[in-house]
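Everything quoted here is computed from the prediction, not taken from an experiment. In what follows, chains carry the letters A, B, and so on, assigned in the order in which the sequence lines appear, proteins first and then strands, with residues in each chain numbered from 1.
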Amino acid sequence: MPQDPLIPTPDYLVRLNPEQRRAIEITEGPLLILAGAGTGKTRVLTTRFAHLLLTGRAYPSQILAVTFTNKAAREMRERVGAILGEPAEGLWLGTFHAICARMLRRHAEYVGLNSGFTILDTDDQLRLLKQVMEPWRIDTKRWPPNQLLGVIQRWKDRGLTPDRVTSAEDSDFANGHALAIYRAYQERLTALNTCDFGDLMLHVTEILRTQPNVLAQYHRIFRYILVDEYQDTNTIQYLWLRLLAKRESGPSNIACVGDDDQSIYSWRGAEVENILRFEKDFPGAQVVRLERNYRSTVQILAAAAGLIAHNDGRLGKTLRPGRDDAEGERVQIIGVRDSDEEARVVASAVERLRGNGHALSEIAILMRAGFQTRPFEERLMMMGLPYRIVGGQRFYERSEIRDCLAYMRVLAQGSDDLAFERIVNVPKRGVGAVAVQKLHVQARSLNGPLTAAVRSQLSGGALKGKSREALAGLMDAFDRAFAVVETEGHVVAVEQLLEDSGYLQMWRDDRSVEAPGRLDNIRELLRAIGEFGTLPEFLEHVALVMDMEGDTSEDKVSLMTLHGSKGLEFDTVFLPGWEEGVFPSQRSLDEGGNRALEEERRLAYVGLTRARKRAIVLHAASRRIYANWQASMPSRFIEEIPAEYVEVSGQTSENRRHASAAPSMFATGPLTSSRPSGFRPPRPKVTALKSGPSIGVGATVFHPKFGEGVVTGAEGDRLEVNFENGGVKRVMASFVEIRS
DNA sequence: TGTGTTAAATTTTTT
DNA sequence: ATTTAACACA
């Protein structure tokens, strides 16, 4: 929509590039905004939102804006507010799940719930599923319940209610009982007036599918729909969006922002196809490509582009530098001996950067998997370099917090059986599985909750001795706390409940090192409750917003997984562990075929594009995996980065033969010369190298660590060897000698 | 019912 | 190696 020349361009549009402006000014009809890394995606999304409001196209309540994370939703809300100059209120802005929860509370009766339904966490889901599975007498060794939960979740991700699972889609899990158990599980959830996370989407979509009046109501409300991270949507989310966007008359004003090259969540149900198919799904869709990257240097962009070019089936997007300044440094590739040296090298580099005046908060270490953080933590700690682990175990997932939440849930809703079961014997009260089983029987005959069963057994004298006293004491504690809610408020009530029930004392008596920290966490939890008016309000918040904002202000190095880094950026990014089997991960190499490998590559792409000025990739020659050492070879992704954007140092296959004589710049640090005791991978004999006889399949070789073995595969200087007493390992040719 | 022992698993993560 | 979960036993 061209601007009237007489009307000055509003200042929120002034600093945008032409593509960005197009992405904002095409307000009508379906729009796909392909936004490469660092191209100002968030800015476009928020400005578009504000634009719709400021041009009078919609009231705040007429825009539906969905994100995946609470963090993204929060950010969008703040930035829209900033553009509007006032806090944005009455918006339908939130995560898929939060918005669905809001919708489901309005229409719960259509799926057999009432609007006060509760939302289960993963623990509860599993506990419930185990209970439901009991009548089938399934061998839980062969068929682990959590695996079945995965099957059910995947069905839900695809929009399959039990009735929609066809026999062809029925899993062979537990000899074909999976579907029946799924149905029973759903019935149980409904009976408990509860749903799990998948249900939030599933129920609402089911309502929209079957209740035309409800759907029409939302069509009237939502004039515009905005979707963030569209490449991460799963099938149910897609169906939900399509129902809301497609209307009998008028265009679908749905704008989706995404980047197929950053799709890294297929393992939890995301379908890249959703974004690849967009133009077919929404005929007449316009596509805007944001390709000007304002984040990274030319070198980093070119390296990342070269890497991702190895993937097929992309929508095709080339990141171009948006700034013409600084060419910058090449991507550094550093080979090291093992993970300890890797950590030393990174930590000394961090120290050097700090010496040069770089802020630690502008440095990140991004790894494939969580367990890789340990050596870095140890090293950084030893050197006195402050760091922060992003992600990892979340506050509301800690067991002591879960326990406290269970107490609160019972307090807020006495019928919450799952919560009651969790805490009935925590602290130990002598109420074990047998007693709980009896309570279940009683509850069933009463057709009421467990707490009612307890009360009836107490008054009926059915309980004896220890467990009677224990349960009577517990119920008293709940009753007293319940009375206190009215008089002194819910914070005091909860505190008193945790005291009276003996829960706090349990931790005070605990001699373990974690105990004081756990008490601190509980104190923090009590503080958080105070920010909410009522207990149910707080519990709803916890269920949907599992995150507790951390301190981003302090000057610390960030340690996190590559997945966790999506959407963030840093001046300097360290990318350790680029080895076959680690990254790409062994699992993806073994199971997922090319699809999985491409996803790993996208993950590598995400990692590289987090860097503004510097990216340093590391790979170790051997790595300790669980108990034993494994020789490892550099990740294929390293080779896939075009050589002209790369600077190699350390022990790589290229310069290994000179390595002993000429230590790399990173090996000269004061810390690398002396090694603590422990395993030292033997220095390889290099007889096999030097363009010497290439080692072919079938050759017998000797490895200093693994002994003799037969080569079962070869690709360049990477070998796959079946060792006599080590099994199949992947090693570099330079590590072995030919034997026969 | 609670405790000790053994066995198995062990990417990535949001909601 | 470390941790968690299931099972046997006191």
Side-chain angles (χ1 to χ4, degrees), chain A residues 66-73 94-102 104 119-122 125-126 130 139-142 144-147 150 153 156-157 195-202 228-229 232-234 236-237 263-270 366-374 390-394 396-397 399 424-425 427-438 465-467 470 540-547 560-567 577 581-592 596 599-600 602-604 606-607 624-629 678-679:
Chain A
V66 267
T67 63
F68 272 87
T69 64
N70 290 297
K71 191 171 160 230
T95 63
F96 279 98
H97 295 273
I99 286 174
C100 279
R102 184 169 161 191
L104 191 55
I119 301 165
L120 292 193
D121 61 42
T122 325
Q125 286 176 44
L126 197 59
K130 279 180 187 162
D139 177 7
T140 50
K141 269 224 159 100
R142 274 193 67 193
N146 58 353
Q147 218 168 306
Q153 233 144 40
K156 291 185 176 180
D157 284 346
C195 58
D196 65 21
F197 270 109
D199 286 337
L200 292 173
M201 297 282 335
L202 192 68
D228 193 14
E229 306 279 19
D232 288 338
T233 50
N234 60 30
I236 186 78
Q237 287 157 342
S263 156
I264 53 175
Y265 284 113
S266 75
W267 50 271
R268 66 177 198 211
L366 309 180
M367 36 238 141
R368 177 67 249 264
F371 65 80
Q372 289 172 260
T373 54
R374 197 164 305 172
V390 183
Q393 210 199 9
R394 277 167 304 177
Y396 290 112
E397 267 171 7
S399 66
V424 69
N425 203 30
K428 296 234 158 54
R429 300 187 172 90
V431 184
V434 178
V436 172
Q437 204 47 246
K438 279 185 193 150
K466 214 172 75 177
S467 54
E540 169 87 353
H541 170 82
V542 171
L544 291 170
V545 184
M546 292 291 288
D547 103 43
M560 65 184 99
T561 63
L562 287 160
H563 283 93
S565 75
K566 195 163 83 160
V582 177
F583 188 39
S585 78
Q586 196 57 51
R587 272 273 272 273
S588 65
L589 290 174
D590 293 345
E591 293 164 19
E599 181 149 316
E600 295 280 299
R602 289 193 290 268
L603 201 47
V606 167
R624 199 178 163 142
I625 291 169
Y626 306 122
N628 41 1
W629 287 87
F679 174 80

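- Applying the side chain to side chain contact (heavy atoms under 4.5 Å, CB included) rule to Thr373(A) yields the partners Met367(A), Glu377(A), Leu559(A); only residues at least two apart in sequence or on another chain are considered.
- Here, dT11(B) and dT4(C) have their P atoms 14 Å apart, quoted to the whole Å.
- Side-chain contact between Asn70(A) and Thr95(A): present, with at least one pair of heavy atoms (C-beta onward) separated by less than 4.5 Å.
- Both Val436(A) and Glu397(A) lie close to DNA chain B; mapped to their nearest nucleotides by heavy-atom distance, the more 5′-ward contact belongs to Val436(A).
- Residues Thr67(A) and Phe96(A) form no side-chain contact, since every pair of their non-hydrogen atoms from C-beta on lies 4.5 Å or further apart.
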(request) Produce a footprint string for nucleotides 2-10 of chain C: one letter per nucleotide, 5' end first; B if the base is under 4.0 Å from any protein heavy atom, S if only the sugar-phosphate is, - if neither. (result) ---------

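- Every residue meeting the side chain to side chain contact (heavy atoms under 4.5 Å, CB included) condition with Arg374(A), not counting sequence neighbours, appears here in chain and number order: Glu378(A).
- Residue contacts for Gly370(A): at a heavy-atom cut-off of 4.0 Å it reaches the sugar-phosphate backbone alone, with no base atom in range.
- Counting any heavy atom pair closer than 4.0 Å across all strands shown, Phe68(A) reaches sugar-phosphate atoms only and no base atom.
- Nearer to the 5' terminus of DNA chain B, by closest-nucleotide assignment, is the contact made by Val431(A) (compared with the other of Thr95(A) and Val431(A)).
- Counting non-hydrogen atoms under 4.0 angstrom, Ala543(A) reaches nothing in the nucleic acid.
- Separation of the P atoms belonging to dT3(C) and dT12(B) is 16 Å when rounded to the nearest angstrom.
- Pro427(A) meets the side chain to side chain contact (heavy atoms under 4.5 Å, CB included) test with Tyr407(A), Arg429(A), Tyr503(A), Met506(A); sequence neighbours excluded.
- For the pair Asp196(A) and Ile119(A), the minimum side-chain heavy-atom distance is 4.5 Å or more.
- Counting only heavy atoms from C-beta outward, the side chains of Leu366(A) and Thr561(A) never approach each other to under 4.5 Å.
- Here the range on DNA chain B touched by chain A, meaning any atom under 4.0 Å from one of its heavy atoms, is dT1(B) to dT15(B).
- Within the nucleic acid shown, Asp121(A) has no heavy atom closer than 4.0 Å to any nucleic acid atom.
- Contacts of Thr561(A) with the nucleic acid, taken as non-hydrogen atoms under 4.0 Å apart, involve only primed sugar atoms and P, OP1 or OP2.
- Annotation: side chain to side chain donor-acceptor pair (under 3.5 Å) contacts of Thr233(A) (sequence neighbours excluded): Asn274(A).
- Atoms CD and CG, from Gln125(A) and Asp199(A) in turn, are 8.0 Å apart once rounded to the nearest 0.5 Å.
- As judged by a 4.0 angstrom heavy-atom cut-off over every strand, Asn70(A) is placed among residues touching the sugar-phosphate backbone only.
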